[in-house]
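From a predicted model like this one, the values you see are computed outputs, not experimental measurements. We name chains A, B, ... by the order of the sequence lines, and we start the count at 1 in each one. These numbers come from the heavy atoms of this one structure, side chains and all, not from hydrogens, waters or symmetry mates.
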Amino acid sequence: MPELPEVETIRLGLQKYLVGHVIESIDIRLPKMVSGEAKRVKDTKVQAIRRYGKGLVIDFANNYSIAIHIKMTGQLIYQGPRSSLRPVPSGTGLRSSGQAKVSREKVGNLPGPHTHVIFRLNNNSFLYYNDIRQFGWIKIVPTNDVSSLPFFKDLGPEPLSNLTIDQFSSIVKAVKSPIKPLLMDQKKIAGIGNIYANEALYLAKIHPKRQPSSLSDPEIKTLFDAIENVLKKALETGGSSEWQYVNALGQEGSYQKIFQIYGQVGKKCKICGATIQKITLGGRGTFFCPACQRLA
DNA sequence: GACAATGTTACAGT
DNA sequence: CACTGTAACATTGT
């Protein structure tokens, strides 16, 4: 699911296959998914792919950009020659070409019934935007305007790059909502969603309902480290493909195979053997070990 | 049929 | 205005 590790994995794929190429045509099958003038990003080179939290930005040489949010069920899938103009770092879960195993179950033939936008590129390749629930959006805007778009405007710091422990500590101490909704608040910290909030709190042995102001400094540091460890591990394994998520080549990640707490209701805690419980918090499914993650 | 599903976002209430 | 909590968006699967 598209949280920071999943969106970053997609970004690495798009960077590898799109940069340097040119969009020749854009087929918008579901107009409500797209805003702005599509013609602005035709016939100009893709320069870079950026990610902020769970948002993606494709920058073009003419200073226009495509901003994309795939929300819960969006997929961005590249089909075409796998010639790369720049290397992809290893250990990112993006399997090398040749060995690629596209998830037929999650992708199917393209375009499919949930393909809403099709980009055709100059090297005989295609980028498909699929989205079952149609919650996502694609916005074509001048590059300078991206940072003032509603989603990007108020985005908090990046947990894997510019978030410091001091900053995290002051954010935590200032908030009155329980700790789990805080972790998922994109305005406070960018990129953490329901799965990794659950996993990080379990790893840090902190109850999802704990009041942030009640956390000790060591607990805050432990949580800070847990967030980093969980997100890095998820990146290494290509993200979680519990539902629709696949990378830019249509391949699944494997982090869902090592979920410690998310979705594990009724199973035994691997640390203490207690039965994992599920509650609803902030409208989201919340999983925790009642023994390891105590409220008091 | 009821319910839940990775995420924002608009709205109501304090 | 700032903050917090809840429902809504649309579709699929159990």
For A:Gly193, report the nucleic acid contact type (base, sugar-phosphate, nothing); a contact means any heavy atom under 4.0 Å.
sugar-phosphate
What's the gap between B:dC11 and C:dA10 when it is taken at their P atoms, as a whole Å value?
15 Å
Could you check whether A:Gly285 gets within reach of a base, just the sugar-phosphate, or nothing at all, counting any heavy atom under 4.0 Å?
sugar-phosphate
Counting only heavy atoms not in A:Lys270, do more than 12 fall under 6.0 Å of its NZ?
yes
Indicate if A:Ile70 and A:Ile26 have the same hydrophobic cluster label, given that clusters are the connected sets of ILVMFWY residues with side-chain heavy-atom separations under 4.5 angstrom.
yes
Salt-bridged, A:Glu199 to A:Lys233, with N to O below 4.0 Å?
no
For A:Tyr128 and A:Phe126, take the angle between the two ring planes, folded into 0 to 90°, and tell me which bin it lands in: parallel under 30, tilted 30 to 60, perpendicular over 60.
parallel
Using heavy atoms to find the nearest nucleotide of DNA chain B for A:Arg133 and A:Pro150 separately, return the residue whose nucleotide is more 5′.
A:Arg133
What do you reckon, is NZ of A:Lys106 surrounded by more than 12 foreign heavy atoms closer than 6.0 Å?
yes
A:Phe135-B:dG7 aromatic stacking (under 5.5 Å, under 30°):
yes
Range on DNA chain C touched by chain A, heavy atoms, distance below 4.0 Å:
C:dT4 to C:dT12
Quick one: does A:Arg284 reach the base of B:dG7 with a side-chain donor-acceptor pair under 3.5 Å?
yes
Can you say whether the rings of A:Phe168 and A:Phe224 are parallel (under 30°), tilted (30 to 60°) or perpendicular (over 60°)?
tilted
